[in-house]
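Working notes, structure below.
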Number of protein chains: 2
Amino acid sequence: MKQLPTNEILVGDCIELMNQLPENSVDVVFADPPYNLQLRGDLHRPNNSKVDAVDDAWDQFDDFAAYDQFTKAWMSAARRILKPNGTIWVIGSYHNIFRVGNELQNQGFWLLNDVVWVKTNPMPNFKGKRFTNAHETLIWASKTEKSKYTFNYEAMKASNDDLQMRSDWVLPICTGHERLKGEDGQKVHPTQKPESLLFRVLLSSTNPGDVVLDPFSGTGTTAAVAKRLGRKFIGLERDETYAAASRERLRQITDLADKEALQVMQSKRKEPRVPFGRLIEEGLLHPGDKLVSPCKKYVAKVRADGTIMTPKHTGSIHQVGAAIQNAPSCNGWTYWNLQSDGKRKVPIDLLRQKIRSDMQPRMQ
Amino acid sequence: MKQLPTNEILVGDCIELMNQLPENSVDVVFADPPYNLQLRGDLHRPNNSKVDAVDDAWDQFDDFAAYDQFTKAWMSAARRILKPNGTIWVIGSYHNIFRVGNELQNQGFWLLNDVVWVKTNPMPNFKGKRFTNAHETLIWASKTEKSKYTFNYEAMKASNDDLQMRSDWVLPICTGHERLKGEDGQKVHPTQKPESLLFRVLLSSTNPGDVVLDPFSGTGTTAAVAKRLGRKFIGLERDETYAAASRERLRQITDLADKEALQVMQSKRKEPRVPFGRLIEEGLLHPGDKLVSPCKKYVAKVRADGTIMTPKHTGSIHQVGAAIQNAPSCNGWTYWNLQSDGKRKVPIDLLRQKIRSDMQPRMQ
DNA sequence: ACGTGATGTGAATCGTAAG
DNA sequence: GCTTACGATTCACATCACG
């Protein structure tokens with residue numbers, strides 16, 4: 001294949017398709033490979049509805065060895081077609097990202113950043129057995145240590161209130177109108193990524209006219225954002241249904257650099273939430289400290305987990321405050337005060353203020 | 001070594017020291033291994049001051065193979081001494097975390113979460129060539145897939161304003177008076193972790209009295225927090241200077257006399273089981289009483305043996321509740337309500353709570 | 001039109017003690 | 001080691017029905 005087939009979605013095995021492309025011809029590869037989730041049984045929500053899990057055939061591998069072999073194969077094929085100064089992005093979760101990152105380093109890619117996509121609205125952990133899995137990880141790497149790669153530092157900084165763009169990106173998952181639905185109203189693809197994520201990826205690491213290749217194109221989010229941003233794209237997808245959906249999606253995109261898309265990037269600056277437990281973690285309060293009510297009539301003891309305890313009640317600062325006053329609710333932050341020996345009592349809200357002011361330089 | 005040397009900082013090679021400890025004897029391992037930073041030359045700030053980089057000998061490895069060999073060695077030694085139901089935490093950056101996570105999976109550890117420590121105050125990227133490296137990654141894994149590991153779900157939720165604790169932790173880096181300084185005013189250790197980070201690690205995954213081992217103890221942050229939280233610790237450190245600094249640090253921490261403050265919110269799962277039949281034995285319910293579903297659509301009759309009966313189903317409160325709703329399962333305690341004549345309906349879970357509170361004076 | 005409450009859903013390695 | 005039965009467990013949004 002002499003001519004690079006840009007702005008197309010090609011159907012077939014991504015490794016075979018990449019092997020047909022000329023070497024050193026692509027500026028950026030964005031890859032969203034199967035995560036190898038290794039799910040065991042069904043999972044039900046507290047209301048007994050069944051979680052619609054990713055149980056597709058394409059995410060099934062016999063073991064780590066099989067997954068590693070697959071990773072090695074597609075990644076070396078991608079490496080061949082990547083320009084010497086090109087970069088690669090790979091997204092994954094803890095199920096697969098350590099296999100991926102390991103192989104990237106083994107193949108000689110030079111890691112530039114790992115970026116965490118912090119989800120504003122992740123699925124909760126229904127059984128209460130782990131931390132809510134609220135993020136995914138992207139790895140950004142250049143082809144070699146010496147690569148003169150593209151990083152649009154100023155554009156990133158400008159889109160982040162003139163603060164350097166950080167390695168933690170807080171973005172919502174793909175829902176609503178953006179989520180492709182079939183005629184049955186069901187989602188077309190189980191793992192469609194939000195355009196805002198790809199927008200930041202492509203805006204940061206490509207120039208207009210660059211060629212972006214996605215070996216696991218799915219419903220074509222990478223292609224769609226590339227088109228909006230005036231980049232050339234090559235989408236490789238094994239499933240004809242996904243490819244058809246993405247072609248239709250691309251057909252509806254006409255404008256380059258739609259201003260509306262830019263607005264997705266603007267981070268909302270709101271006051272950071274500081275849970276009561278943080279005061280203890282930060283050492284502003286200690287387990288065993290005494291909190292007193294405004295009139296000092298009630299005393300509560302602070303426990304290690306951020307709950308407080310009176311002779312009759314145990315729970316959060318809000319719950320206990322409400323219970324004591326026999327009220328439906330209570331703002332524990334303003335109700336409770338720290339009473340240190342020989343000192344004046346201090347509302348715990350002041351301690352929260354202190355943490356917030358320490359957080360102020362935080363870029364986002 | 002027969003006796004486990006708890007609440008000590010041992011000086012020496014961590015692999016040799018771990019090999020002397022009895023197998024299956026440690027509840028949690030927290031490891032902060034060298035990051036293998038692979039720095040090339042000095043880095044200067046815009047004002048030309050030199051960045052005090054981590055260039056210590058302990059962070060130098062010839063290549064990935066050497067680092068992998070090192071990782072394999074300390075991790076298998078840690079695995080041996082870890083209890084079957086124990087968990088391991090490892091913290092790292094993109095330089096090493098993919099080697100670490102890969103090896104954890106290879107050794108049969110079962111990944112429970114990856115957690116990102118999002119720094120409120122990271123060092124900026126001075127050259128403007130990458131995203132500000134604003135996070136580090138922790139991996140939390142159990143010894144095997146079948147391990148019955150400790151996760152204090154309720155405590156985490158309580159300390160996060162009654163919302164599930166997520167996998168992204170926003171915490172400041174270690175600065176100020178918490179940062180250990182030598183007589184020269186210089187920081188004692190280049191990568192001292194904040195106590196707030198270890199606080200959350202230990203509170204979430206250990207119980208009071210558990211043994212926590214840190215093979216790369218450094219200035220003893222893990223030990224210090226363990227002591228504060230009433231956990232036993234074993235710190236292993238090769239450098240006598242670091243060990244001495246951590247011993248002095250530990251000396252200044254007094255044991256918390258108030259054990260009650262270390263109690264955390266318990267899961268309902270850990271409360272004593274009360275069979276439904278007990279309500280009848282205790283006379284809180286009587287054979288023939290009527291139970292109603294939440295919307296009062298269904299009525300069931302209580303029988304003497306603790307089963308309930310509707311026109312179509314007979315069995316336990318759970319079985320009948322599930323059958324009626326055509327659900328895979330049902331918590332009969334919260335589903336069924338006692339409907340006494342002319343009175344408001346009462347969830348039978350309230351009757352259970354009455355029995356539980358009569359069983360033992362409230363411990364929390 | 002606007003507000004309110006009910007319902008649905010998202011890359012998920014999601015239980016455990018008793019017999 | 002196995003089976004059986006208990007019974008614990010959700011956050012942020014988007015959509016839609018209803019008033």
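Lettering of chains follows the sequences in order, A, B, ..., and the numbering in each one begins at 1.
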Just to be sure I understand the rule, does A:Ser93 reach a base, reach only the sugar-phosphate, or reach nothing, if contact means heavy atoms closer than 4.0 Å?
nothing
Check every strand shown and say whether B:Gly332 touches a base, only sugar-phosphate, or nothing at a heavy-atom separation below 4.0 Å.
nothing
For A:Thr221 and A:Arg249, does a side-chain donor sit closer than 3.5 Å to a side-chain acceptor?
yes
Donor-acceptor pair under 3.5 Å: do we get one between B:Ser316's side chain and the base of D:dA5?
no
Should the pair B:Trp89 and B:Trp169 be assigned to parallel (<30°), tilted (30 to 60°) or perpendicular (>60°) ring geometry?
tilted
Just to be sure I understand the rule, does A:Asp32 reach a base, reach only the sugar-phosphate, or reach nothing, if contact means heavy atoms closer than 4.0 Å?
base
Quiz: residues 66-73 of chain A side-chain donor-acceptor pairs under 3.5 angstrom, not counting sequence neighbours:
from, atom 1, to, atom 2, distance (Å)
A:Tyr67, OH, A:Pro34, O, 2.6
A:Tyr67, OH, A:Asn96, ND2, 3.0
A:Asp68, OD1, A:Arg99, NE, 3.1
A:Asp68, OD2, A:Arg99, NH2, 2.8
A:Thr71, OG1, A:Tyr67, O, 2.9

Hey, does A:Cys174 reach any base, or is it just sugar-phosphate, or nothing, if we go heavy atoms under 4.0 Å?
nothing
Quick one: which of C:dA11, D:dC11, D:dA8 gets closest to the side chain of B:Arg352?
D:dA8
Base, sugar-phosphate or nothing for A:Ser49? Non-hydrogen atoms, less than 4.0 Å.
nothing
Could you check whether A:Asp114 and B:His135, counting side-chain N and O atoms only, form a donor-acceptor pair closer than 3.5 Å?
yes
Take atom C1' in C:dC14 and the same atom in C:dG10, then report the distance between them in whole Å.
15 Å
Can you tell me how far the CD atom of A:Gln186 sits from the NZ atom of A:Lys181, to the nearest 0.5 Å?
9.0 Å
Take the protein atom CD of B:Gln353 and the nucleotide atom C1' of D:dG7, then report the distance between them rounded to whole Å.
14 Å
Pairwise P distance, D:dA8 and C:dT9 [rounded to whole Å]
27 Å
Testing D:dT9, C:dA11, C:dT13 for proximity to the side chain of B:Tyr153, the answer is D:dT9
Side chain of A:Ala53 (C-beta onward), nearest among D:dA8, D:dC11, C:dA12:
C:dA12
Using heavy-atom distances to pick each residue's nearest nucleotide on DNA chain C, tell me which of B:Arg273 and A:Lys119 is more 5'.
A:Lys119
Report yes or no: is the cationic atom of A:Arg130 (NZ for Lys, CZ for Arg) under 6.0 Å from the centre of the six-membered ring of B:Phe151, at an angle within 45° of the ring normal?
no
Is the B:Trp140 to A:Phe131 ring centre distance short of 6.0 Å?
yes
State whether A:Lys127 places a side-chain N or O below 4.0 Å from either non-bridging phosphate oxygen (OP1 or OP2) of C:dA12.
no
Using a 4.0 Å heavy-atom cut-off, does B:Leu112 contact any base of the nucleic acid, only the sugar-phosphate backbone, or nothing at all?
nothing
A:His189 NE2 to C:dT9 P: how many Å, rounded?
18 Å
Taking atom C1' of D:dA14 as reference, at what distance in whole Å does atom CG of A:Asn121 sit?
10 Å
C:dA1 to D:dA17 separation - C1' atoms, rounded to the nearest Å:
16 Å
Are the charged groups of B:Lys268 and B:Glu154 less than 4.0 angstrom apart, N to O?
no
Given C:dA11, D:dG7, D:dC13, the nucleotide with the shortest approach to the side chain of A:Thr120
D:dC13
Do A:Lys119 and B:Asp168 sit within salt-bridge range, that is, some charged N less than 4.0 Å from a carboxylate O?
no
A:Thr132-B:Gln164 side chain donor-acceptor pair, cut-off 3.5 Å:
yes
Interatomic distance where NZ belongs to A:Lys193 and P belongs to C:dA11 [whole Å]
7 Å
Base, sugar-phosphate alone, or nothing: which one does A:Asn125 contact when heavy atoms must sit under 4.0 Å apart?
base
With a non-hydrogen cut-off below 4.0 angstrom, is A:Trp117 in contact with a base, only sugar-phosphate, or nothing?
nothing
Duplex segments of DNA chain D, taken as runs of at least three Watson-Crick or G-U pairs that stay under 3.5 Å
C:2-10 with D:11-19, C:15-19 with D:2-6
Please give, in whole Å, the distance from D:dT9 C1' to B:Asn152 CG?
16 Å
Per atom distances to the B:Lys268 side chain, the nearest of D:dT9, C:dC14, C:dT16 is D:dT9
Looking only at side-chain N and O atoms, does B:His318 come under 4.0 Å of OP1 or OP2 in D:dG7?
yes
Pull up the glycosidic torsion of C:dT13 and say syn or anti, syn being anything within 90° of 0.
syn
On a whole-Å scale, what distance lies between the C1' atoms belonging to C:dG8 and D:dT10?
13 Å
Is it true that A:Trp58 and A:His189 have ring centroids separated by less than 6.0 Å?
yes
Does the side chain of A:Lys50 reach to within under 4.5 Å of the side chain of A:Leu43, using non-hydrogen atoms?
no
Would you check if the side chain of B:Asn152 reaches a backbone N or O of B:Leu203 as a donor-acceptor pair within less than 3.5 Å?
yes
Does the ring of A:Tyr94 meet both stacking tests against the six-membered base ring of C:dT13: centre distance under 5.5 Å and plane angle under 30°?
no
Please work out if B:Arg269 contacts a base, only the sugar-phosphate, or nothing of the nucleic acid, heavy-atom cut-off 4.0 Å.
sugar-phosphate
Whole-Å gap separating C1' (C:dT9) and CE (A:Met123):
8 Å
Which sits closer to the 5' end of DNA chain D, A:Pro124 or A:Lys181, going by the nucleotide each is nearest to?
A:Pro124
At under 4.0 Å, does any side-chain N or O of A:Asn133 touch on OP1 or OP2 of C:dA12?
no
Phosphate OP1/OP2 of D:dA5: any B:Gln319 side-chain N/O under 4.0 Å:
no
Side chain of A:Gln38 - closest among C:dA11, D:dT9, C:dT13:
C:dT13
Would you mind reading off the distance between A:Lys129 atom NZ and D:dG7 atom C1', rounded to a whole angstrom?
13 Å
With a 4.0 Å cut-off on heavy atoms, is A:Pro172 in touch with a base, just the backbone sugar-phosphate, or nothing at all?
nothing
Any residue of residues 158-169 of chain B with a heavy atom less than 4.0 Å from an atom of DNA chain C:
none
When all nucleic acid strands are considered with a 4.0 Å heavy-atom cut-off, which category describes B:Glu145: base, sugar-phosphate, or nothing?
nothing
From C-beta outward on A:Arg45, which listed nucleotide comes closest to its side chain: D:dT9, C:dT9, C:dC14?
C:dT9
Heavy atoms of other groups near A:Arg40 CZ, more than 12 under 6.0 Å
yes
Report which part of the nucleic acid A:Pro194 touches: base, sugar-phosphate, or nothing (heavy-atom distance under 4.0 Å, all strands).
nothing
It should be established whether A:Arg179 places a side-chain nitrogen or oxygen under 4.0 Å from OP1 or OP2 of nucleotide C:dA11.
yes
Can you tell me how far P of C:dT13 sits from CD of A:Glu136, to the nearest Å?
10 Å
Does A:Gln186 reach a base, just sugar-phosphate, or nothing at all? Heavy atoms under 4.0 Å.
nothing
